2 protein chains.
Amino acid sequence: MSLPSTPAATDPAPRRARGRPRKTADERDDGNRRQALLREAARLFRQHGFAATSTRDIATAAGMQSGSPFYHFDSKEALLAAVMQEGMERALQRQQAAIAASVEERAPEPSDCLRVLVRSHLDVILGPDSDFIPVMLYEWRSLAEAQRSEVNRLKDAYEGTWVPVLRALHDSGELRGDPSLARLMLFGALNWSVQWFDPARRASLDDLADTALQLFLKDPA
Amino acid sequence: MSLPSTPAATDPAPRRARGRPRKTADERDDGNRRQALLREAARLFRQHGFAATSTRDIATAAGMQSGSPFYHFDSKEALLAAVMQEGMERALQRQQAAIAASVEERAPEPSDCLRVLVRSHLDVILGPDSDFIPVMLYEWRSLAEAQRSEVNRLKDAYEGTWVPVLRALHDSGELRGDPSLARLMLFGALNWSVQWFDPARRASLDDLADTALQLFLKDPA
DNA sequence: CCTACCGATCGGTAGG
DNA sequence: CCTACCGATCGGTAGG
């Protein structure tokens with residue numbers, strides 16, 4: 001419509017995007033470098049812990065010089081906060097997508113909902129690119145007080161999804177014990193797998209989900 | 001019998017223990033200092049993590065100068081290993097004592113045995129002087145390979161106690177799912193409480209044990 | 001167990 | 001994003 005094909009033969013130097021001062025390639029690269037730092041930080045924080053990982057280690061892993069991470073992040077703590085935030089955002093997305101997919105198929109039973117949540121959670125903590133959430137789970141004390149609230153917001157949303165499902169299972173008698181304590185213990189059972197799960201051996205994530213449900217759920221009345 | 005009361009009046013300086021070069025008081029004191037270091041190390045390692053705790057922090061907490069911990073321990077890593085070993089020895093003692101006490105009362109059902117193990121475990125990780133085992137649970141990666149085997153021996157003994165109990169419950173139908181996976185998930189549910197349990201609020205350790213059993217056990221057939 | 005100290009490493013910055 | 005650097009801290013040691 002309002003885009004006449006005025007032949008710009010008079011314009012010798014063709015410009016790509018009007019508002020930006022050229023160097024679109026550099027900008028995409030900047031994003032790549034930041035993402036590389038996040039990814040390597042998550043991997044190293046998970047493997048060795050926050051305090052035992054130096055910003056130099058992270059820089060080297062991302063192919064940078066020792067001072068360069070501070071061009072992208074204000075401090076080592078800000079890098080940790082970014083890892084946790086990124087992890088929670090991805091986890092929340094994956095959780096919501098899994099729920100949406102299961103609702104689309106049919107009206108799910110509460111136990112089906114729990115299976116979806118458990119399976120999605122196992123994927124978040126043990127699947128590919130799963131370094132971010134374990135860092136959040138096991139390095140929480142290293143996060144400065146000031147930066148906890150934002151991550152807590154996402155964490156509350158993620159955990160809140162479980163509440164109505166667990167309550168429904170409690171009401172139907174399939175889950176015994178206080179639902180709030182049950183949620184904490186279920187999370188414990190699942191999150192602990194970060195310490196022992198070996199993707200090469202033992203069970204698959206599907207097997208883990210099956211066992212968890214067998215363990216925690218009673219037969220429906 | 002062969003201990004004639006020869007009056008040692010000819011001996012002007014009375015000696016306490018023949019083999020040791022006097023200073024029994026100092027020796028007991030040495031043990032106290034070492035114990036103080038262990039206790040403060042466990043507390044600080046639990047609170048801030050191994051890597052984030054300096055040997056100076058530990059020395060100060062124990063009322064010593066910065067170099068003094070190395071009179072008692074070869075290295076910071078040796079101090080960590082000693083904390084874990086001390087913790088596992090205490091845990092194993094408490095576990096065996098709890099079992100012995102429960103067997104004395106009556107021939108216990110498998111579910112009673114599990115209750116005893118769960119309650120004793122909660123005491124080990126959440127009760128008084130419970131800094132040692134959480135350090136082992138959450139700082140394992142900080143322990144040097146060479147020092148893992150000794151702690152692993154104790155850990156295997158502690159965990160081995162659970163195996164026949166869980167198998168019996170599985171055979172009676174009270175516990176569903178693979179017993180070996182069940183043990184890992186049960187440990188996860190309990191160990192995770194280190195992250196959220198607040199002795200001032202919420203439930204008591206007895207309540208926690210009750211909920212865990214309600215959650216994991218089916219009604220006996 | 002203290003005093004005094006060392007070499008190494010760390011998070012972070014100025015200036016380009 | 002790199003170069004070059006700083007002040008602080010750390011684990012550990014010699015000598016008493």
Side-chain angles (χ1 to χ4, degrees), chain A residues 20-42 44-45 47-83 135 139 141-144 146-147, chain B residues 20-42 44-45 47-83 135 139 141-144 146-147:
Chain A
R20 302 180 192 167
R22 68 189 166 185
K23 79 159 176 178
T24 23
D26 281 31
E27 266 170 21
R28 188 170 49 230
D29 211 46
D30 269 19
N32 274 342
R33 305 320 296 146
R34 196 190 135 95
Q35 283 301 314
L37 279 171
L38 274 180
R39 191 178 56 244
E40 297 304 324
L44 291 167
F45 287 163
Q47 193 173 2
H48 303 116
F50 173 74
T53 303
S54 71
T55 54
R56 279 166 170 79
D57 294 337
I58 299 167
T60 301
M64 298 175 184
Q65 297 301 316
S66 66
S68 302
F70 299 97
Y71 169 76
H72 296 277
F73 297 93
D74 285 344
S75 65
K76 190 187 176 187
E77 284 191 353
L79 186 45
L80 177 65
V83 164
V135 168
E139 293 292 341
R141 64 182 165 198
S142 304
L143 189 67
Q147 300 171 308
Chain B
R20 302 180 194 169
R22 70 188 163 185
K23 79 159 177 178
T24 22
D26 282 29
E27 267 171 21
R28 188 169 48 228
D29 211 48
D30 269 18
N32 275 342
R33 305 319 296 146
R34 194 190 137 95
Q35 283 301 313
L37 281 171
L38 273 181
R39 189 178 58 246
E40 297 305 324
L44 292 167
F45 287 163
Q47 194 171 1
H48 303 115
F50 173 73
T53 303
S54 71
T55 55
R56 279 166 169 81
D57 295 337
I58 299 168
T60 301
M64 300 176 184
Q65 297 302 316
S66 66
S68 302
F70 298 99
Y71 169 76
H72 296 278
F73 298 93
D74 284 343
S75 67
K76 191 186 176 188
E77 284 191 353
L79 185 45
L80 177 65
V83 165
V135 168
E139 293 291 342
R141 65 182 165 198
S142 304
L143 189 66
Q147 300 172 308

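Quick note on labels: first sequence line is chain A, next is B, and so on, each numbered from 1. Because the structure is a prediction, the values reported are computed rather than measured.
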Is there side-chain contact between A/Ile58 and A/Lys76, with at least one heavy-atom pair below 4.5 Å?
no
To the nearest angstrom, how far is B/Leu80 atom CG from D/dG11 atom P?
12 Å
How close or far is atom C1' of D/dT9 from atom CG of B/Asp57, stated in whole angstroms?
11 Å
Give the minimum heavy-atom separation between A/Ala59 and A/Pro69, together with the two atoms involved.
CB-CG, 3.6 Å
Do B/Asp57 and B/Ser54 pair up side chain to side chain, a donor and an acceptor below 3.5 Å, judged on atom types alone?
yes
Distances under 3.5 Å between nitrogen or oxygen atoms of protein and nucleotides 2-6 of chain C:
residue	atom	partner	partner atom	Å
C/dC2	OP2	B/Gln65	N	2.9
C/dC2	OP2	B/Ser68	OG	2.2

Using a strict threshold of under 4.0 Å (side-chain N to carboxylate O), is an ion pair present between B/Arg34 and B/Glu40?
no
Is the closest side-chain heavy-atom distance between B/Leu38 and B/Leu79 below 4.5 Å?
yes
Would you kindly give the CZ-to-P distance between A/Phe50 and C/dC10, to the nearest whole Å?
13 Å
Backbone N/O of A/His48 and side chain of A/Thr53: donor-acceptor pair under 3.5 Å:
no
Which whole-number value in Å describes the distance from A/Lys76 NZ to C/dG11 C1'?
8 Å
Excluding sequence neighbours, so at least two apart, what forms side chain to side chain contact (heavy atoms under 4.5 Å, CB included) with B/Gln65?
B/Ser68
To the nearest Å, give me how far apart CD1 (A/Ile58) and P (C/dC10) are.
11 Å
Measure from CZ on B/Phe70 to C1' on D/dT13 and round the result to the nearest Å.
9 Å
So what is the 5' to 3' dot-bracket string for DNA chain D, if pairs are Watson-Crick or G-U wobble with both distances under 3.5 Å, crossing pairs use [ ] and | means the partner sits on another strand?
||||||||||||||||
Protein-nucleotide distance (A/Asp74, atom CG; D/dC1, atom C1'), rounded to Å:
16 Å
Tell me whether the OP1 or OP2 atom of D/dG11 has a side-chain N or O from B/Thr55 closer than 4.0 Å.
yes
Rounded to the nearest angstrom, tell me the gap between atom CG in A/Leu37 and atom C1' in D/dC1.
11 Å
